[in-house]
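Notes follow the structure.
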There are 2 protein chains.
Amino acid sequence: MVVNKLALSQATIKRIPVYYRTVKALQQSGVKRVRSDRLSKLVHIAPATIRRDFSNFGDLGRSGYGYSVDLLAEVFGELLEVHSEEQMLLVGCGNLGRALLTNNFRRNPDLSIVMGFDTDPSLIGTTIAGIPIYNLATLSEKIRPGMHTAIVCVPSSAQASVISQLEANGITAILTFAPKPVPAQPGTKIRYIDLTSELQALLFVDHQSKLVQEPKTPLKQS
Amino acid sequence: MVVNKLALSQATIKRIPVYYRTVKALQQSGVKRVRSDRLSKLVHIAPATIRRDFSNFGDLGRSGYGYSVDLLAEVFGELLEVHSEEQMLLVGCGNLGRALLTNNFRRNPDLSIVMGFDTDPSLIGTTIAGIPIYNLATLSEKIRPGMHTAIVCVPSSAQASVISQLEANGITAILTFAPKPVPAQPGTKIRYIDLTSELQALLFVDHQSKLVQEPKTPLKQS
DNA sequence: CTGAATATGTGAAATATTTAACAAATAGGC
DNA sequence: GCCTATTTGTTAAATATTTCACATATTCAG
């Protein structure tokens with residue numbers, strides 16, 4: 001096996017896709033080399049953090065030169081297994097599901113939603129953006145071997161049931177937009193995207209920062 | 001001013017909305033008290049972390065009893081300023097924008113998108129889910145005083161320009177789905193939601209965990 | 001009212017993550 | 001080829017966050 005298990009921190013793992021996207025963009029602009037401080041401005045991550053992250057993957061850089069963009073693209077592409085297309089399924093073809101099906105990660109040729117599932121009879125049998133929508137009850141018939149990944153856009157109330165169905169059918173990686181945590185089987189990785197929480201946390205810090213900046217009702221000019 | 005500036009960690013801030021949602025749900029089920037270990041199972045956060053988070057807001061709990069659900073709901077609601085409706089605008093009414101307009105945080109009566117902006121002539125002047133869509137060029141005319149928050153669903157290439165327009169019109173909190181970091185003015189808080197990165201990081205950890213679990217091609221049963 | 005049971009709040013330890021700072025290595029002009 | 005300017009990789013320090021463990025406070029049954 002080519003890839004060894006790396007002891008990467010969670011923080012580093014979350015940054016790998018960001019690095020990958022950025023060096024790919026540089027590569028496509030014809031840039032051949034990049035220094036950690038230049039990259040820092042592009043990704044908003046401190047140069048020292050970038051260098052430390054990169055050092056996990058061997059000595060990628062050269063003192064006094066920087067990093068080869070091509071090499072970085074290759075290394076991160078390998079880590080993310082960009083060489084093989086990940087065929088994913090999506091459950092819940094409401095507004096958000098439809099938006100994701102339509103968008104379908106077109107910028108990333110290695111990510112592709114290939115089928116959708118729903119329980120709404122008016123959707124079953126149709127296609128959205130060319131992707132067929134099946135009855136969720138027929139999941140086990142439609143799923144193809146080698147599919148490990150699902151995107152879940154169902155209401156919180158339906159989520160637990162949907163996720164256990166997915167697990168029963170060999171899905172091990174799930175991205176879900178319903179914020180209700182569910183007990184997952186040991187082998188299953190679930191990532192929750194909680195838009196309301198993100199927004200509320202943003203509003204909270206925005207308001208907090210205004211509390212400090214606000215002038216303390218000055219009685220006189222001075 | 002009632003609310004004092006609190007020195008909360010970023011980690012704690014991100015959890016406040018989760019706590020709020022959960023205690024609200026408990027409250028609506030008629031639950032009156034909750035212990036940190038019970039809450040832990042609901043939110044998937046360690047009991048000690050919950051207690052430490054809560055201790056930031058004063059002595060909310062009582063030994064041998066737990067926490068009053070009503071009190072928690074009140075405290076977190078106050079922190080998040082749920083009493084006043086946050087009127088937000090959305091820029092970019094493509095697939096994702098349309099999905100968010102249609103959904104419009106209905107579960108949260110205090111969050112509301114009240115207008116959309118786009119540059120596409122075929123959208124300008126229409127409504128989506130009852131929300132009017134205006135020409136982005138007329139932002140300064142349409143925006144209402146007291147609006148501080150925007151959701152951005154435009155392509156990465158348009159993002160920098162859109163964000164500086166928003167800043168020029170008094171927007172200080174921005175949630176965006178375009179992953180390209182932009183230089184923001186000091187007072188502006190920007191939160192990036194990067195779906196592709198989330199998905200790639202998820203796939204990465206899923207694959208990593210399989211590398212360990214995989215049996216090492218056993219030669220014989222034993 | 002008493003005492004056993006319970007569950008908080010927190011000091012201290014453990015863990016995770018970022019950042020500073022610099023020796024060592026390389027680049028590239030001359 | 002030499003020498004100076006760069007820029008890495010990394011050690012050590014700083015910061016951030018989580019978790020343990022338990023003294024203390026409160027509950028509630030009898």
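Lettering follows sequence order; numbering is per chain, from 1.
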Check side chain to side chain donor-acceptor pair (under 3.5 Å) between B:E167 and all other residues, then give those that pass, not counting sequence neighbours.
B:T188
Just how far, in rounded Å, is P of C:dT6 from CZ of B:R33?
11 Å
State which residues pass salt bridge (charged side-chain N to carboxylate O under 4.0 Å, His left out) with B:E198; sequence neighbours excluded, sorted by chain then number.
A:R191
Grab the two heavy atoms, one from A:M147 and one from A:I171, that are nearest each other, plus how far apart they are.
O-CD1, 3.7 Å
For DNA chain D, find the residues of residues 37-53 of chain B with a heavy-atom distance under 4.0 Å and give them by number; none if there aren't any.
B:A46, B:A48, B:T49, B:R51, B:R52
State which residues pass salt bridge (charged side-chain N to carboxylate O under 4.0 Å, His left out) with B:R21; sequence neighbours excluded, sorted by chain then number.
A:D194
Any residue meeting salt bridge (charged side-chain N to carboxylate O under 4.0 Å, His left out) with A:R15, in chain and number order, not counting sequence neighbours
A:D53
Classify the nucleic acid contact of B:T12 as base, sugar-phosphate or nothing, counting any heavy atom under 4.0 Å across all strands shown.
nothing
Taking five pairs at each terminus, the helix from C:dC1-D:dG30 to C:dC30-D:dG1 shows an axis bend, to 10°, of 20°
Pairs in or reaching into residues 170-185 of chain A: which pass side chain to side chain donor-acceptor pair (under 3.5 Å), with residues at least two apart or in two chains?
A:Q159-A:T176, A:T172-B:D206, A:T172-B:K210
Go through DNA chain D in 5' to 3' direction and return only the first and the last nucleotide with some atom under 4.0 Å of chain A's heavy atoms.
D:dT6 to D:dA12
From CZ of A:R35 over to P of C:dA27, roughly how many Å is that when rounded to an integer?
15 Å
Reported CE-to-OG distance for the pair B:M115 and B:S112, which is rounded to 0.5 angstrom
10.0 Å
Heavy-atom nearest nucleotide on DNA chain D taken for A:S55 and for B:Q10; more 5' hit belongs to A:S55
For the side chain of B:T22 and the backbone of B:V18, is there at least one donor-acceptor N/O pair under 3.5 Å apart?
yes
Sequence neighbours excluded, every pair satisfying ring-ring contact (aromatic ring centres under 6.0 Å, His included) that has a member inside residues 72-118 of chain A
A:Y19-A:F76, A:F54-A:F76, A:F57-A:F76, A:F117-A:Y134
For the student: nearest non-hydrogen atoms of B:P17 and B:L80, plus distance:
CA-CD1, 4.0 Å
Using every non-hydrogen atom in the two residues, find where A:L60 and A:Y67 come nearest and quote the distance to one decimal.
C-CD2, 3.7 Å
Who passes salt bridge (charged side-chain N to carboxylate O under 4.0 Å, His left out) against B:R38, sequence neighbours left out?
none
Mind running a 4.0 Å heavy-atom check of residues 59-68 of chain A against DNA chain D and sending the residues that fall below it, in number order?
A:D59, A:L60, A:G61, A:R62, A:S63, A:G64, A:Y65, A:G66, A:Y67
Counterpart residues, side chain to side chain donor-acceptor pair (under 3.5 Å), relative to A:N108 (two or more places apart)
none
